[in-house]
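For reference, the structure is listed below as structure tokens.
Keep in mind the model is a prediction, meaning the values are calculated, not measured. Below, chain A is the first sequence line, B the second, and so on; all start at residue 1.
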Amino acid sequence: MCVKKALRMLEDEDESGAHSESLKGPAMSATSISSAERLSAVEELTTLPLRGENPYIRDWKESGGRVFGYTCSYVPEEILYAEGQPSRILPIRLGAQGTTTTDDADIHMHKFLCSYCRCVMQLALTGEYDFLDGVVLTNGCEHMRRTFEIWRDQVEPPFVTMLSVPHRRDGDNHFQWYRDEITKLTDEIGKKYGYLPSKESLRSAVRTYNRYRELMLELYGLRSIEHPKLTGSEAMKITQAGYCMPKEAFNERLATAIQELNERPGITDARARLMVGGSYIDDPWFIDIIESTGAVVVTDVLCTGRKYIEGMVDETLEPVEAIARRYFQRDPSCPRMVDGYPERIAFTKRLAQEAKVDGVVFERITFCDSHTVENLMESEDVEELGIPTLNLEREYLGGDKGRLKTRVQAFLEKIGK
Amino acid sequence: MIFAGVDVGSMSAEAVLLNDNKMIASSIIVVKPNPVDSATTVMDTVLQEAKVRLEDIAFCVSTGYGRERIPFAQHNISEISCHGKGARWANPGVRTIIDVGGQDCKAIRVDEAGDLKDFVMNDKCAAGTGRFLEGIAKTFGVHVSELGRMALEGVDSVPISSICTVFTQFDVMVHLGEGRTMQDVALGVADTLATRVNRLVGKVGLEDEVCITGGVAKNTAVVKALERVIGREVCDLGIDPQIVGALGAALLAKERYAKSSPEEDAA
């Protein structure tokens with residue numbers, strides 16, 4: 001199908017969504033993940049294999065679906081997921097869990113670039129992400145821009161694009177810029193694959209993602225109660241599973257997992273209740289170090305955690321407009337935004353108080369532009385509430401356990417825990 | 001009643017025995033690759049010195065990077081709390097402690113009981129630590145303990161700009177190649193180290209008496225340089241600054257013991 005025809009179809013299409021052809025999305029076959037079904041939902045979600053080994057991703061590919069990778073929470077996933085709904089494109093958030101070296105990435109990237117970016121690039125360069133049909137990156141930070149360029153030039157994936165997100169959100173022009181970027185993304189995908197999302201498919205994607213956010217908030221609710229039903233490490237693993245599964249399937253498993261967790265006894269012997277904030281984390285090793293001291297991470301203000309699920313897409317508005325608003329104008333924003341600090345710190349304070357935390361651990365990946373200053377500002381402001389904070393610097397790669405654990409342990413000793 | 005503290009650091013291990021509130025033995029060894037071996041060896045030494053048996057120890061606390069694997073310790077506490085506790089015991093006026101160890105340095109503030117109030121540690125870099133001084137000593141072909149005396153003979157401090165331990169050694173070679181004396185370079189090294197440590201002190205804030213602990217405190221030139229940059233005299237602890245961590249661990253062992261068995265404490 002040529003783009004013009006596709007565009008015409010989009011225009012012609014009525015609200016009932018007459019795309020009968022595209023409705024045959026890659027249905028999840030029960031047989032291929034039968035091994036996973038023997039596990040409880042919590043077990044399955046906390047042990048889901050990564051990347052190419054992930055059965056949901058494999059099934060999606062085998063039944064003809066495309067898989068797109070993205071890194072930044074400003075990539076409007078519903079737009080990708082809605083392409084030819086039920087979806088032909090599965091957006092997955094690119095992690096680099098378990099990476100042990102950045103040797104290949106370091107040929108192209110300076111050591112002064114964020115180690116998360118270098119780890120992701122390492123996987124891309126060594127073929128771990130060859131199963132991806134497309135990659136959508138953003139100008140979230142300078143490190144991410146370099147990641148885009150090197151991915152484009154050295155890996156040469158079938159589809160790669162960068163969504164340019166303005167650094168301010170005030171005024172109509174900035175919003176229009178972001179809105180135009182979405183149109184550009186949709187057009188590029190339309191040109192490449194010959195179809196565009198219908199309004200109905202967008203609405204359906206919005207409903208799925210809103211349901212996902214509701215369920216995830218429910219999961220967070222089980223952490224911040226007096227006797228948390230799950231550890232921070234488990235929560236992060238479940239979140240990770242959500243990044244790499246079709247949201248419909250994930251929602252179903254998560255609903256079951258929530259039931260299972262509700263039946264568990266809560267954690268009554270936590271040495272301290274902590275909150276984590278700062279740079280990108282998707283690998284539980286860092287949370288494991290904190291929790292190895294006996295503390296429990298009961299909530300977070302991470303863009304890979306609580307901030308990612310904050311804010312619903314308004315289902316009453318025109319879907320693209322509503323999606324653009326939710327992604328671009330949501331609060332708390334990313335600290336890469338010039339504006340929005342008052343809302344970010346208010347959010348951090350609110351969560352810290354709601355979850356009755358004994359302390360907040362702010363971490364930043366070495367050379368992280370966005371969080372180096374932000375963490376110090378938030379840290380000072382949180383301490384005004386009488387909540388002590390600890391500032392840590394880390395690399396994305398696991399390791400350095402002793403150094404970090406000593407600091408966390410001393411922090412707990414300092415706050416009398 | 002006997003309490004023990006054992007501090008297994010990155011370069012040396014120390015043990016201290018307390019009999020109630022009196023220090024009865026202490027020892028320092030160079031670490032072995034295995035923290036358990038280091039702990040066992042240094043503990044054996046103090047036991048022999050004090051002529052007591054391991055079974056006589058009521059409670060033992062381990063600290064230092066090897067703290068988690070010490071089989072004869074009932075509890076482990078971070079070296080940060082231990083240094084604070086130990087220094088405050090040695091000199092009751094102390095509220096700020098600068099600890100320069102083998103692999104990291106920290107600025108610590110404690111309250112009147114010696115309990116941790118705040119701390120700052122250097123980030124993943126050995127510059128400004130004992131390891132840094134060892135590297136320089138190696139370049140000079142002398143033992144690290146001679147570096148302080150050498151620096152005191154320096155007349156004109158050589159500015160050392162590099163922030164990295166490895167690159168500083170290159171830097172030092174260049175200065176020597178240009179004809180600067182080892183004494184002047186050693187003085188420059190002491191000044192650099194003091195400047196780096198001062199950043200931590202600045203972050204944690206100075207309060208009342210300040211002391212320096214850890215092996216590097218034995219380098220008089222570094223101590224003098226630090227006094228210069230922080231603009232204040234550093235107080236004397238009256239004990240070997242290298243055993244302060246182990247001493248703090250022993251004191252915390254005593255506190256811990258009292259808390260866990262209040263009836264015996266009362267008796």
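Partner of A:K414 under the side chain to side chain contact (heavy atoms under 4.5 Å, CB included) criterion, chosen from B:V110, B:I108, B:D118: B:D118.
Counted within 6.0 Å of CZ on B:R69, heavy atoms from surrounding residues, nucleotides or ligands total 12 or fewer; the atom is thus considered open. Around atom CZ of B:F170, no more than 12 heavy atoms belonging to other residues, nucleotides or ligands sit under 6.0 Å away. Within 6.0 Å of atom NZ in B:K32, 12 or fewer heavy atoms from other residues, nucleotides or ligands are found, so the atom counts as exposed in its surroundings. Counting heavy atoms of neighbouring residues, nucleotides and ligands inside a 6.0 Å radius, atom CD of A:E149 exceeds 12 of them. No more than 12 heavy atoms of other residues, nucleotides or ligands lie within 6.0 Å of CD in A:E380, so this atom counts as exposed by the packing criterion. Counting heavy-atom neighbours within 6.0 Å of B:R256 CZ, excluding the residue itself, gives a total of 12 or less.
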Item to complete: Begin with the C-alpha distance, continue with both residues' side-chain angles, and end with the deciding distance and a verdict on side chain to side chain donor-acceptor pair (under 3.5 Å) for B:Q103 and A:R403.
Response: CA-CA 10 Å; B:Q103 208 152 261; A:R403 192 183 68 87; over 6 Å; no
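From A:E393, atom CD reaches atom CE of B:M121 across 13.5 Å, with rounding to the nearest 0.5 Å. The OG1 atom of A:T406 sits 13.0 Å away from atom CD1 of B:I77, with the distance rounded to the nearest 0.5 Å. Considering NZ of A:K405 and CZ of B:R67, their distance stands at 6.5 Å, rounded to 0.5 Å.
Only the side chain of A:L390 has a heavy atom closer than 4.5 Å to any heavy atom of chain B.
Of the possible donor and acceptor atoms, none in the side chain of A:E413 sits under 3.5 Å from a partner among the backbone N and O of B:I80.
Under the 3.5 Å distance criterion, with hydrogens and angles disregarded, no donor-acceptor pair is assigned to the side chains of B:S78 and A:R407.
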